[in-house]
> 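My questions will all concern the structure given below.
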Number of protein chains: 2
Amino acid sequence: MKEVLPVFNSAVSIDCVLFGFDGGELKILLIERNEEPFKDWWALPGNLVGENESVDQSASRILHELTGLSDIYMEQYYTFGEVDRHPQGRVITVAYYAMLRLGGDKALKPLTSYAKKAQWINVKELPKLGFDHQHIFDKGLEKIKRRIKHLPIAFELLPEKFTLTQVQNVYELILGKKLDKRNFRKKILSFKVLKELDEKQKGVSFRAATLYKFDKRKYAKLFGKEISF
Amino acid sequence: MKEVLPVFNSAVSIDCVLFGFDGGELKILLIERNEEPFKDWWALPGNLVGENESVDQSASRILHELTGLSDIYMEQYYTFGEVDRHPQGRVITVAYYAMLRLGGDKALKPLTSYAKKAQWINVKELPKLGFDHQHIFDKGLEKIKRRIKHLPIAFELLPEKFTLTQVQNVYELILGKKLDKRNFRKKILSFKVLKELDEKQKGVSFRAATLYKFDKRKYAKLFGKEISF
DNA sequence: ATATACTGTGTATTTATTACACTAAGTAAT
DNA sequence: ATTACTTAGTGTAATAAATACACAGTATAT
């Protein structure tokens, strides 16, 4: 116990929706909790905001603890503040999402104590989540759906070199609908952020597609402008 | 003083950017503080989140205390969580904005103790604000700029009956640029949320413009779709 | 009657969006 | 070598949306 002014009676936490694209599926990173409340339940990675870190720093720390990754752009998208959302007291949580480039299944580090394990799970097959985390996830997905229509954030999920079909897959998974191939290519190339490489896809049992990479400088300029899918 | 678990050592507050349109100007409601810290400074209306209210409820309460208005749609837009943003302890603040219909200068109620006075102030002539409130305001304005391009939220600032020129003025003030009259009208009417009335503007010393009102039902349907200016 | 100040309207051009289907190229199996 | 298979890659026409641009009409004030 600790003595404080009566107004300092709440806690603030961070929860993260970490998106990854792997094996043709859109996934998020979930942890299996090792602590009460919701011990043994799946949940979004999250933690209390420390006394000496900003909420942004806290989000980056959580990401780093789980994946070893730093310098990832994390977008704060909503703060959830229902009175009873946490069974042990007043905890208001600030939600962030990030788009991660998964290189296979790496990017998972030794875990901190509050989690038994962490796993990338297809967003179409999510288990039951503790707290109000299903709701937090739903809002996050909604958010990136809206965002991907205006900004080509999909590239952040892809490996450095990718095919146009892969880009289209990501769009279709996030938006939840099929897109026309020719129109999609016309549009995505019209942003002029993609560089065609002198290189083809490898290890496929059919005609290999041309690889592209994206031009970070031009891409950065696009933030500011808005574009649509 | 109060004894709590050590993690419950922070406070959460709400700050509100309340937009109004009056006398051809875009204004926000500011208070002059009557308490430390920043006593006698101008600041955004805000308060601590109570133990038994959600953050959304808290925002509505603050609006109600200052203006007497209820049932106003308030949009949460960002949470500010720098370690040192409040001089007296760890206070994380959740920012909301709302668009209000000002009927002249009414809509200001007897004030709560923490404020000496409240006043609608032109966004182009803001005084120096306490805390990080200038930053919070800047983000809020940015947010409605982006939002007004997609949704016709401007009507929420206007009186029940308005002219198309008034609508255009609001857009120009928020976006900070001039728009073409014919194109603006074509576009705004194409949404089909405006009803032309059999009535003209009164009390002007020139040709009176036709009044319109907006159709809340059709307007509600537009949320969901996205449109652009 | 005249000056003033704002209202209200149309068209042509350019740009973006949508709808739509086949051939080309590589791989795998026989 | 032939064939079957699978995905890559491409163009055009039709429609819709965005932009650029200027002047006559009408109420008011003097």
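Proteins get letters first, then strands, A, B, ... in listed order; numbering begins at 1 in each.
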> Checking contacts here: which listed nucleotide (D/dA8, D/dA20, D/dG11) is nearest the side-chain heavy atoms of A/Ala209?
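Shortest atom-to-atom distance from the side chain points to D/dA8.
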> Please compare B/Phe206 and A/Tyr212 by the position of their nearest nucleotide in DNA chain D and report the one closer to 5'.
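Upstream on the strand: A/Tyr212.
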> Output the rounded distance in Å from CG (A/Asn169) to C1' (D/dA8).
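Going from A/Asn169 (CG) to D/dA8 (C1'), I get 13 Å.
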> Has the side chain of A/Lys186 got a donor or acceptor that lies under 3.5 Å from a partner of the other kind on the base of D/dT12?
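Between D/dT12 and A/Lys186, which were checked side chain against base, a qualifying N/O pair under 3.5 Å is present.
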> Would you kindly give the NZ-to-P distance between A/Lys178 and C/dT18, to the nearest whole Å?
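Those two atoms, NZ and P, are 18 Å apart.
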> When you check the side-chain N and O atoms of A/Asp15 and A/Tyr96, is any donor under 3.5 Å from an acceptor?
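Not at all, the side chains of A/Asp15 and A/Tyr96 share no donor-acceptor pair under 3.5 Å.
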> In whole angstroms, how far is the C1' atom of D/dG9 from the CD1 atom of A/Ile188?
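Distance check: A/Ile188 CD1 to D/dG9 C1' gives 16 Å.
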> Expressed in angstrom and rounded to an integer, what is the separation of A/Leu179 atom CG from C/dT17 atom C1'?
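One finds 13 Å between C1' of C/dT17 and CG of A/Leu179, rounded.
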> Classify the ring geometry of B/His135 against B/Phe80: parallel below 30°, tilted from 30° to 60°, perpendicular beyond 60°.
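Rings of B/His135 and B/Phe80: perpendicular, as their planes differ by over 60°.
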> Strictly below 4.0 Å: does B/Ser205 bring a side-chain N or O up to OP1 or OP2 of C/dA5?
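For C/dA5, neither OP1 nor OP2 has a side-chain N or O of B/Ser205 closer than 4.0 Å.
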> Please confirm whether any donor atom in the side chain of A/Arg207 sits under 3.5 Å from an acceptor in the base of C/dA25, or the reverse.
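Counting by modelled atom types and ignoring angles, no donor-acceptor contact under 3.5 Å is found here.
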> Nearest to the B/Thr210 side chain among C/dG26, C/dC20, C/dG8, which nucleotide is it?
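In terms of side-chain proximity for B/Thr210, the closest of C/dG26, C/dC20, C/dG8 is C/dG8.
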> Is a side-chain donor-acceptor pair under 3.5 Å present for B/Thr165 with B/Arg185?
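Distance-only check passes for B/Arg185 and B/Thr165.
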> Does B/Asp180 or B/Thr163 map to a spot on DNA chain C nearer the 5' end, using the closest nucleotide for each?
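On the 5' side of the pair lies B/Thr163.
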> Atom NZ of B/Lys149 and atom P of D/dA18: how far apart are they, to the nearest Å?
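Checked: the NZ to P distance equals 13 Å.
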> What integer distance in Å separates B/Lys200:NZ from C/dA5:P?
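In whole Å, C/dA5 P lies 21 Å from B/Lys200 NZ.
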> How are the rings of A/Tyr97 and A/Phe19 set to each other: parallel, tilted or perpendicular (split at 30° and 60°)?
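Perpendicular.
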> How long is the line joining CD of B/Gln201 and P of D/dT28, in whole Å?
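That distance rounds to 11 Å.
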> Considering every strand and a 4.0 Å limit on heavy-atom distances, what is the contact class for B/Thr165: base, sugar-phosphate, or nothing?
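Since only primed, P, OP1 and OP2 atoms lie under 4.0 Å of B/Thr165, the category is sugar-phosphate.
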> Whole angstroms only, please: what is the CG-P distance between B/Leu189 and D/dA17?
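Atom-to-atom, B/Leu189 to D/dA17, this comes out as 15 Å.
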> Regarding D/dG9, can its base be found pairing with the side chain of A/Arg185 as donor and acceptor, where the two atoms are less than 3.5 Å apart?
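No such pair is found, so the answer is no.
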> Distance to the ring centre below 6.0 angstrom and angle to the axis at most 45 degrees; does that hold for A/Lys143 and A/Tyr77?
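Not satisfied by the 6.0 Å and 45° rule.
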> Confirm from the modelled atom types if B/Arg182 and D/dA20 form a donor-acceptor pair under 3.5 Å, side chain to base only.
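Between D/dA20 and B/Arg182, which were checked side chain against base, a qualifying N/O pair under 3.5 Å is absent.
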> So for B/Lys181 and C/dG8, does any side-chain atom that can act as donor or acceptor lie under 3.5 Å from a complementary atom in the base?
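Check passes, donor-acceptor contact within cut-off.
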